[in-house]
Amino acid sequence: MAKGLEGVVATETSISSIINDQLTYVGYTIDDLAENSSFEEVVYLLWNLKLPTKTELEAFKADLTAEMELPEAVIKHLRSYDLSTVHPMAALRSAVSILGLYDEEADVMDQAANKRKAVRLQAKIATIVTAFARIRKGQEPIQPKKDLSFAANFLFMLNGEEPKDTEEEAINKALILHADHELNASTFTARVCVATLSDIYSGITAAIGALKGPLHGGANERVMAMLTEIGDVENAIPYIKEKMENDEKIMGMGHRVYKNGDPRAKYLKEMSKELTKITGQAKWYDMSVKIEEFIKEEKGLPANVDFYSASVYHSLGIDHDLFTPIFATSRISGWLAHILEQYDNNRLIRPRAEYVGPKNQEYVAIENR
Ligand SMILES: CC(C)(COP(=O)(O)OP(=O)(O)OC[C@H]1O[C@@H](n2cnc3c(N)ncnc32)[C@H](O)[C@@H]1OP(=O)(O)O)[C@@H](O)C(=O)NCCC(=O)NCCS
């Protein structure tokens, strides 16, 4: 038995692949995509398995912006949370589930309806995350602007002002790098859910739940908590040594598939270097480099996508508990692609378990136990 299904190939896919530590989306390297494309172009690619023409891309962008508005009932729901205790990932998971209640097509299962719902979900997730972030600060949610990109609109709806070019570029690139990742835990969750022929909203709600965990998307927030606790560059190695002596995991390090290095991490590392310099907070980058080098040497483990994304988002002034919701805002594109692929060639996903519990037990009546 492969614990954690390590190395098990559970499905075929045409969406993304990891071969020899190289990640590709529909056969395009993430290097080409990160350096040249927009997030919207990548989403189109993942859902249609081809790059859009200029006209197709313009139409797709317009569709996304047009779908960003939330039903008033969902906003009302976000306002009703106990904002002092609710984590944005829990709020997002619940809000997406509620969103399904207000989509008349939620249970319409033909391909065209599912594609329409994919656009709605991709668009509205950005509004849910940013509206929640504003509401908890006593600010009003903001409507998107038609002429802004998805990345720029995300920052605009979050901060109430249009981002600088460097900020838009950083978020655009981060969204591209997080968009899809073969059969990661949350994507597998989404596929298992919809393989029962349950609806898209259920699949995405389940996937958000899986992403929330600290071993998956929840790691980026914890990386920043660790850096904050370390405080200064000279404390980094003693802090990490102590963690290792206590057998504690270092967040943002290690990966199930990449053993030599995560191909996404180098871009986030570059961005972290640039942005922490701009904001005069180079210590977060310097500290991260020290930790990365130390863990590589001591345990042979590479930094993963979450490690440098923490200092990138922090440099953009984003609240730390919004890091994982940003991951979700990107990864939903991959979840939706995989859900559409699953529906197109479905079979119930139902593996077996090896039973290791007691056998041949004799039932004892309750009054005699
Ligand atoms: C990503 C992760 C869950 C992969 O887990 P996995 O494939 O099951 O790997 P394992 O937990 O079996 O780890 C294998 C070995 O490396 C060690 N290891 C793995 N990640 C580690 C980490 N982040 N810090 C310290 N040691 C780690 C394990 O302790 C284990 O050591 P051992 O063989 O001496 O017992 C794991 O590396 C991890 O927990 N990382 C931190 C969380 C994180 O950053 N998640 C985001 C992933 S993109």
Side-chain angles (χ1 to χ4, degrees), residues 1-10 16-18 21-23 25 30 34 89 174-190 207-230 236-269 271-272 284 287-314 320-321 323-332 334-335:
M1 192 208 48
K3 193 170 181 196
L5 298 182
E6 180 164 6
V8 172
V9 175
S16 64
S17 76
I18 306 169
D21 288 340
Q22 190 175 59
L23 173 62
Y25 298 163
I30 49 144
M89 276 303 278
L175 292 173
I176 290 173
L177 293 167
H178 286 82
D180 196 42
H181 205 216
E182 202 220 52
L183 210 53
N184 62 90
S186 53
T187 301
F188 185 53
T189 303
I208 294 171
L211 187 75
K212 181 171 174 283
L215 297 188
H216 191 8
N220 55 12
E221 179 185 348
R222 284 162 180 87
V223 171
M224 202 60 226
M226 174 178 77
L227 297 180
T228 310
E229 213 177 308
I230 293 172
I237 303 305
Y239 176 97
I240 296 295
K241 277 186 178 162
E242 196 184 325
K243 286 258 172 206
M244 282 169 58
E245 274 160 23
N246 295 333
D247 264 346
E248 286 179 54
K249 280 195 165 169
I250 312 302
M251 289 292 126
M253 292 290 154
H255 199 273
R256 173 61 66 76
V257 182
Y258 302 119
K259 298 303 172 197
N260 301 315
D262 182 329
R264 304 162 297 176
K266 63 175 182 284
Y267 291 103
L268 291 152
K269 186 174 180 177
M271 282 193 265
S272 166
W284 303 121
M287 214 186 277
S288 304
V289 172
K290 270 195 180 306
I291 298 170
E292 182 192 13
E293 286 170 356
F294 184 77
I295 296 287
K296 182 90 198 151
E297 183 141 340
E298 291 291 309
K299 300 217 58 156
L301 293 171
N304 60 50
V305 72
D306 292 310
F307 192 62
Y308 284 100
S309 65
S311 44
V312 167
Y313 298 148
H314 176 79
H320 300 172
D321 59 1
F323 293 2
T324 314
I326 294 178
F327 192 157
T329 302
S330 163
R331 182 57 57 83
I332 195 172
W335 295 333

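In this chain, numbering begins with 1 at the start of the sequence shown. In listed order, ligands and their atoms are each counted from 1. As a basis for the values below, the full set of heavy atoms in this structure was taken, side chains included, without hydrogen atoms, waters or symmetry mates.
- For the residue pair W284/S272, the side-chain donor-acceptor check at 3.5 Å is not satisfied.
- Protein heavy atoms all stay at least 4.0 Å away from atom 30 (C) of ligand 1.
- Annotation: the span from N260 atom CG to K296 atom NZ amounts to 6.0 Å, rounded to 0.5 Å.
- Expressed to the nearest 0.5 Å, how far CG of L301 lies from CE of M253 amounts to 8.5 Å.
- Some N or O of N304 is nearer than 3.5 Å to an N or O of ligand 1, by distance alone.
- Contacts between K299 and ligand 1 below 4.0 angstrom, taking non-hydrogen atoms only, involve the side chain exclusively.
- Atom CG of N220 is separated from atom CZ of F307 by 12.0 Å, given to the nearest 0.5 angstrom.
- If you check each of E248, K249, R222 against atom 11 (O) of ligand 1, the one with the closest non-hydrogen atom is K249.
- Atom 34 (O) of ligand 1 is not flagged as protein-proximal [any protein heavy atom, distance under 4.0 Å].
- Contact record, S288 with S311: OG-OG, 4.3 Å, taken as the closest heavy-atom pair.
- Geometrically, ligand 1 and L301 share no nitrogen or oxygen pair separated by less than 3.5 Å.
- Rounded to the nearest 0.5 angstrom, I250 CD1 and Y239 OH are separated by 7.5 Å.
- Applying the side-chain contact (heavy atoms from CB on, under 4.5 Å) test between I18 and each of D262, L183, V257 identifies V257 as the sole match.
- Nearest protein heavy-atom contact of atom 46 (C) of ligand 1 is D306 OD2, 3.2 Å.
- Within a 4.0 Å radius of atom 14 (C) of ligand 1, the protein contributes no heavy atom.
- By heavy-atom distance, the residue among V223, I250, I240, D262 lying nearest atom 22 (C) of ligand 1 is I250.
- Against a heavy-atom cut-off of under 4.0 Å, A219 is close to the following atoms of ligand 1: 43 (C), 44 (O), 45 (N), 46 (C).
- Close N/O approach between V305 and ligand 1 is not found [any backbone or side-chain N/O within under 3.5 Å].
- Near M251, with a cut-off below 4.0 Å to any heavy atom, the atoms of ligand 1 are 42 (C), 44 (O).
- In terms of protein heavy-atom proximity, atom 6 (P) of ligand 1 is closest to R256 NE, 3.6 Å.
- Protein heavy atoms are found less than 4.0 angstrom from atom 41 (C) of ligand 1.
- In this structure, atom 44 (O) of ligand 1 has protein heavy atoms in its sub-4.0 angstrom surroundings.
- Proximity of H181 to R264: side-chain heavy atoms (C-beta onward) are separated by under 4.5 Å at one or more points.
- Heavy atoms from both the backbone and the side chain of L215 come within less than 4.0 Å of ligand 1.
- In terms of polar-atom proximity, R264 is not counted as a contact of ligand 1, lacking any N or O under 3.5 Å from an N or O of the ligand.
- The minimum heavy-atom distance linking A207 with T189 is given by the pair N-CG2, 4.1 Å.
- Counting protein heavy atoms under 4.0 angstrom from atom 8 (O) of ligand 1 gives one or more.
- Rounding to the nearest 0.5 Å places CD of E292 at 10.0 Å from CG of N304.
- Nearest-heavy-atom check against atom 1 (C) of ligand 1 across P302, A265, G254, G252 picks out G254.
- Across I326, V223, L268, a single residue satisfies side-chain contact (heavy atoms from CB on, under 4.5 Å) together with S309, and that is L268.
- Note that the NZ atom of K290 and the CD1 atom of I230 stand 11.5 Å from one another [nearest 0.5 Å].
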